[in-house]
2 protein chains.
Amino acid sequence: MIDKRSPVPIYYQLEHVIRQQIDTGELQPGDLIPSEREYAEQLDVSRMTVRQAITNLVNEGLLYRQKGRGTFVAEQKLEQNLSGLTSFTEDMRSRGMVPGSTLLAFQIVPADKKVADRLSLAEHAPVYEIKRIRLADEVPMALETVYMSANLIKGLSEAIITASLYHHIEEELGLEIGRAVQSMESAIVSEAERPHLLVPKGAPVLLIERHTFLKDGTPLEYVKSSYRADRYKFTIDINR
Amino acid sequence: MIDKRSPVPIYYQLEHVIRQQIDTGELQPGDLIPSEREYAEQLDVSRMTVRQAITNLVNEGLLYRQKGRGTFVAEQKLEQNLSGLTSFTEDMRSRGMVPGSTLLAFQIVPADKKVADRLSLAEHAPVYEIKRIRLADEVPMALETVYMSANLIKGLSEAIITASLYHHIEEELGLEIGRAVQSMESAIVSEAERPHLLVPKGAPVLLIERHTFLKDGTPLEYVKSSYRADRYKFTIDINR
DNA sequence: GCTGACAATTGGTATAGACAACTAGTTTTT
DNA sequence: AAAAACTAGTTGTCTATACCAATTGTCAGC
């Protein structure tokens with residue numbers, strides 16, 4: 001089970017063992033695990049070594065300690081539902097729906113002041129403007145407009161957009177996405193959007209704006225979307 | 001600087017000192033901090049104790065270690081704009097507004113099916129119901145309803161709520177908040193809410209639902225809020 | 001000038017032990 | 001019967017020490 005002569009640190013081996021016992025269900029959420037001294041004696045290692053293994057698992061949120069009582073298996077951690085940073089396609093799939101898309105516009109335009117600012121470009125610099133209706137199970141879910149620097153992402157085509165834009169950026173161009181800042185607000189559907197979203201006059205929409213940046217901080221894209229409130233709810237899981 | 005007779009653990013005191021030196025700029029990103037042995041000798045404590053302090057700061061991302069070289073101050077962490085998990089009070093303060101609150105209702109009621117489910121309680125179990133108008137710069141910003149198990153959080157009073165509910169839970173009761181799941185959607189203001197929010201008929205609101213859990217997985221609270229769309233925008237920073 | 005050996009310094013892993021603080025149950029006292 | 005004292009077991013903090021592994025600089029030898 002644990003090999004003291006192995007070059008793999010003992011605390012790391014023990015971590016692995018406990019992690020597996022939780023994975024396989026041998027240890028259930030709420031279960032009391034053996035005490036630190038018990039592990040130490042059983043494995044013939046120092047208590048501090050056991051402590052190091054357990055501390056790491058506590059920091060990961062798999063276990064929690066209670067002074068005077070013992071150490072317990074934490075409730076199952078929810079997957080981090082960062083639907084913000086995943087693509088629309090992944091987002092819909094994870095919700096059990098079939099994603100689709102209708103291209104409304106795909107062109108290179110000079111950046112207006114707002115877009116230039118968001119992408120840290122000079123005004124009138126060439127940017128792609130991509131407008132799409134996003135479908136879920138064939139029904140309109142959102143209206144989306146993407147802006148990206150045409151100099152940064154060269155040679156975009158309609159085919160690439162239809163396939164997977166993110167795949168192209170990360171795999172083909174080798175650009176690494178670092179972080180995204182997303183803001184959300186509530187609004188009433190505009191008359192311009194209404195025919196595309198097929199909602200009644202005065203219907204609420206969730207307005208999402210996203211700025212995506214590469215690992216080195218370069219702005220990659222600026223996206224504005226309007227989601228139908230009757231079909232879309234944004235969920236986020238926050239760990240302290 | 002460090003008091004060995006203090007009941008506050010030494011490693012915790014040292015953590016605080018280093019954290020402050022980073023805050024004040026005495027230690028800049030990229031700086032090499034004193035070695036573990038140096039700290040140990042200077043403070044006349046064991047190296048392991050120093051290590052514990054540094055390890056915690058490394059886990060927080062404030063420092064990073066390099067074997068054979070030393071320990072360095074990490075690049076400035078993006079502020080985690082988790083406006084979801086901070087309280088309304090903190091959220092408003094960080095936006096430069098003065099938070100306020102008007103208590104509409106504070107009572108113990110039997111949990112209905114939905115609330116009981118969200119809090120993992122039996123139906124009709126006693127829960128606090130706290131309804132408030134949240135103000136920012138004296139103007140209504142949101143309507144909020146909080147549900148909490150009356151058996152878990154005993155002895156709540158109006159005074160405690162008005163002061164700081166979270167402070168009471170974490171400091172006085174010693175409960176540790178672990179994570180929160182928050183969902184957001186767009187909606188039209190209901191006629192029941194309208195008089196409190198002072199918005200015209202048909203105005204959009206941002207509906208936020210939050211479930212907060214303790215470290216051990218116990219549901220702590222279930223909160224429903226309606227934010228005025230004309231005054232509130234939710235921002236989130238996502239790191240990959 | 002370059003290379004290799006060496007030493008000094010750093011963090012990484014591990015030991016053995018001590019006492020404090022807290023919890024839960026048992027026993028004794030009141 | 002209730003309260004208090006005790007006990008055994010837990011995690012929390014801390015010490016003192018040892019050796020390992022990686023990095024860096026120095027110095028001798030070619």
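A note on names: the letters A, B, ... follow the listed sequences, proteins ahead of strands, and every chain is numbered from 1. Keep in mind that this is a model prediction, so the values were computed, not measured.
OP1 or OP2 of D/dT24 has not a single side-chain nitrogen or oxygen of B/Lys67 nearer than 4.0 Å. Look at A/Arg37 and you won't find any side-chain N or O under 4.0 angstrom from OP1 or OP2 of D/dT10. Regarding contacts with the backbone of C/dG11, a side-chain N or O of B/Thr71 is found under 4.0 angstrom from either OP1 or OP2.
Atom pair A/Glu38:CD and D/dA8:C1' shows a separation of 14 Å (rounding to whole Å applied).
The 5' end of DNA chain C is approached more closely, in terms of each residue's nearest nucleotide, by B/Met48 than by the other of A/Gly68 and B/Met48.
Between A/Tyr222 and A/Tyr147, the two ring planes are parallel [angle under 30°; tilted spans 30° to 60°].
For A/Arg47 against C/dG17, a side-chain-to-base donor-acceptor contact under 3.5 Å is absent.
Ion pairing of B/Arg19 with B/Asp23 is absent here, as no side-chain N (NZ or NE/NH1/NH2) approaches a carboxylate O to less than 4.0 Å.
Across all strands, B/Gln13 comes closer than 4.0 Å to no nucleic acid atom at all (heavy-atom distances). Heavy atoms of B/Ile54 sit nowhere under 4.0 angstrom from any nucleic acid atom.
Under a 3.5 Å cut-off, the side chain of B/Tyr232 and the backbone N or O of B/Ala142 do not form any donor-acceptor pair.
Between B/Met48 and B/Gln52 there is no side-chain heavy-atom pair separated by less than 4.5 Å.
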